[in-house]
Engineer: 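First, the structure itself, so that you have it in front of you.
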Protein chains: 2
Amino acid sequence: MRRVTLDDVASLAGVSPITVSRVLRKPDSVSEPLRQRVNSAVKELGYVPNIAASRLASARSHAIGVIVPTLYNVIFAEYLLALHEILVDAGFQVIVVNSRYSEIEEENAIKALLGQRVEAVIIAGIHHTTHARQLLTRAHLPVVETLELSQDPIDINIGMSQESAGRAATQHLIQRGFKRIAFLSGNLDHRSQSRLDGYYLAMREAGLEDFELVTQRPRHSSIALGSALCAEMLNCMKMPEAIFCTDDNLALGAMQECRKRGIGIPYNISIIGFHDLEFAACASPSLSSIASRRYETGKLAAEKVLAAIHASTRPAVERIDLGFEVKARESTGD
Amino acid sequence: MRRVTLDDVASLAGVSPITVSRVLRKPDSVSEPLRQRVNSAVKELGYVPNIAASRLASARSHAIGVIVPTLYNVIFAEYLLALHEILVDAGFQVIVVNSRYSEIEEENAIKALLGQRVEAVIIAGIHHTTHARQLLTRAHLPVVETLELSQDPIDINIGMSQESAGRAATQHLIQRGFKRIAFLSGNLDHRSQSRLDGYYLAMREAGLEDFELVTQRPRHSSIALGSALCAEMLNCMKMPEAIFCTDDNLALGAMQECRKRGIGIPYNISIIGFHDLEFAACASPSLSSIASRRYETGKLAAEKVLAAIHASTRPAVERIDLGFEVKARESTGD
DNA sequence: GTGAAAGCGCTAACAT
DNA sequence: ATGTTAGCGCTTTCAC
């Protein structure tokens, strides 16, 4: 049961192999009659081109590698959606690899992508192993690091300051007169850590005492996790006046837990989340949050990559701050 | 800036190319001294094997194709997680393609995957274009259709009866004495449609009148969508006694909307969702739901694929019903 | 345990 | 507009 090859199609159509190749890739360069003969031969044989052979011969993969830490988080789903919309339309295959929040796995992902000769790499995050960074630099292809701001980008860096955003969220609570402000997070990835740093900064600036609860928990299902963490906090500590949750899912879970215990929001406790997920605006009470621009980040990353590929040079080092926005809503008394 | 090839490594190490190839793939078959020389040459040159060449020469891709309708839904994230865990450990690359709930895009996805010579295809869903089905059959590789039960599987089918589950959810409400039972859904994909069929069936069996609200809306952000749909329903129709939401996100949104309007759950309206997402058990009130086994589905699909690849034959047609479970909780008065 | 030769299935470059 | 030739970078097969 040999697979059908381009040569088989050529024989059946009575043309040379290269003509078949042309019909498939640039049909306009082949005359109508030949094109028709080739197309019917393709159909008759059920020919499907071998992409590996094509990639080898043309030295182009038409593939772009994307590394995300997880698929469990809508943030990355929205980011990937934007990337896909643009890159697939431009004729590229998007190869998504999951690093599971591990720099070692990220390095392996990079090796796998380079092995596939992707034409660019887009990474969520700016922290890599030394070797990973070396691999990316040596590969001489466009690299976009996203979602955070880097002091020292490899090529292009598109993101926001997670620390400033964490500071802004905390300041939002401080401005409303709260002093006992808690910070709630599950596992701390780099981005959450930066938000925590921003929290510390704002608290210190205001002369307030820190009061964080960070736990090592599985990352997914964070509404449930938010309830659990909130319960833990309320059981073990003096009640805070306000809570800054490192993401909206945690915040929603915390709100549910408070409701269950008859703690009024924002009357007894104010809560602010992060990312401004779509349910935040329509929750009851509506949830204050920090809006992050992950869709725009993905879109811009894709556009920059396409531009760099067309320019066929590595882009100049560039850092783009897409910023964030404080969304003041009912859960913090607005 | 020519890329480093296996031949370059061979020259530097002073061995033949095939030895380099062996060191990389079956290090045990090469003597210690040569292996070391090769490995240092690899490191020195920063050699990264060209996978396209490897796939072409070996006629094996070590890749498995997976088609899902969206990445926006945790259901598929959990399903993919299971697939990844098993297939990546077994040395396969998992190529995920997104059909965006379109059979045409699914067909294109299948072509793309076959072009990459994937060694098996795992598809969420059982509905394909005629041509897509033909492509899969002719490709002579293991095919697993999942998440629904098919009358006529291509090879292996692992799933549950969405219709029975929809019927069971409705019966759960009927047994609690409700008569005005609403069905709430955004866009109807095949699985939601089957749940709706189950709803119709149960209502007819009980001699009750249908009362569904199905809308054409964007699919993501369904907590927000659930609030919106619930509001629409409460504004336009006589108030139902119970609502069956086609997924837990919609149900949570509906609960939020009811709360906002001072409608007590389950005192004024009972609500049941679908999928038993992790927040269902910890919502307040806790949300009744139908537990689907998507993780197990992914796991079993991966295992069946590995078995079929090792057996190097297409598997016999097989249909596995993984079932579902009714989770009775506070939102329906339990 | 190691190597030489041949070829996987395409496409680039150069004819015609 | 179509064909010829050569080769992409690996692995297979067979020999030593």
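What you see below is based on every heavy atom in this structure, not just the backbone, and it leaves out hydrogens, waters and symmetry mates. Predicted model only: the values in this text are computed from it and were never measured.
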Engineer: Without decimals, in angstroms, what is the distance between B:Gln116 CD and C:dG9 C1'?
Structural biologist: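 About 15 Å, once rounded to whole Å.
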
Engineer: Rounding to an integer number of Å, can you tell me how far A:Leu56 CG sits from C:dG7 P?
Structural biologist: 17 Å

Engineer: With the side chain of A:Ile18 defined as its heavy atoms from C-beta on, choose the nearest nucleotide among C:dT2, C:dT11, C:dG9.
Structural biologist: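 Nearest to the side-chain atoms of A:Ile18, counting from C-beta on, is C:dT11.
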
Engineer: Would you say that B:Arg191 contacts B:Pro69 through its side chain, given a criterion of any heavy-atom pair below 4.5 Å between the two side chains?
Structural biologist: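 Yes, side chains in contact.
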
Engineer: With nearest nucleotides of DNA chain C determined for B:Ser16 and B:Ser58 from heavy-atom distances, which residue corresponds to the more 5′ nucleotide?
Structural biologist: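 Between the two, 5'-proximity favours B:Ser16.
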
Engineer: Would you kindly give the CZ-to-P distance between A:Arg22 and C:dA15, to the nearest whole Å?
Structural biologist: 14 Å

Engineer: Reading DNA chain C from 5' onward, which residue's closest nucleotide shows up sooner: B:Pro33 or B:Ala53?
Structural biologist: B:Pro33

Engineer: Looking across every strand, which nucleic acid part, if any, lies under 4.0 Å from A:Arg55 by heavy atom: base, sugar-phosphate, or nothing?
Structural biologist: nothing

Engineer: Assign A:Ile51 to base, sugar-phosphate, or nothing according to its heavy-atom contacts below 4.0 angstrom with the strands shown.
Structural biologist: nothing

Engineer: Take atom CZ of A:Arg60 and atom P of C:dC10, then tell me their distance rounded to the nearest Å.
Structural biologist: 19 Å

Engineer: Strictly below 4.0 Å, N to O, side chains only: are B:Glu32 and B:Arg35 in salt-bridge contact?
Structural biologist: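 Yes, charged N to carboxylate O under 4.0 Å.
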
Engineer: If we ignore hydrogens and angles and just use 3.5 Å, is the side chain of B:Thr70 paired with the main-chain N or O of B:Arg100 as donor and acceptor?
Structural biologist: no

Engineer: Under 4.0 Å from any heavy atom of chain A: name the first and the last nucleotide of DNA chain D that qualifies, 5' to 3'.
Structural biologist: D:dA1 to D:dG9

Engineer: Is it the case that the side chain of B:Gln116 and the backbone of B:Ser61 share a donor-acceptor pair, with hydrogens and angles ignored and the cut-off at 3.5 Å?
Structural biologist: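 Here the side-chain-to-backbone pair does not exist.
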
Engineer: Ignoring backbone atoms, test whether B:Ser31 places a side-chain nitrogen or oxygen under 4.0 Å from the OP1 or OP2 oxygen of C:dT2.
Structural biologist: yes

Engineer: Testing B:Arg319, B:His128, B:His127 one by one against B:Glu145 for a side chain to side chain donor-acceptor pair (under 3.5 Å), which residue passes?
Structural biologist: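 Exactly one candidate clears the test, B:His128.
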
Engineer: Got a salt bridge between A:Lys304 and A:Glu318, using NZ or NE/NH1/NH2 to carboxylate O under 4.0 Å?
Structural biologist: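 Salt bridge flag = yes for A:Glu318 with A:Lys304.
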
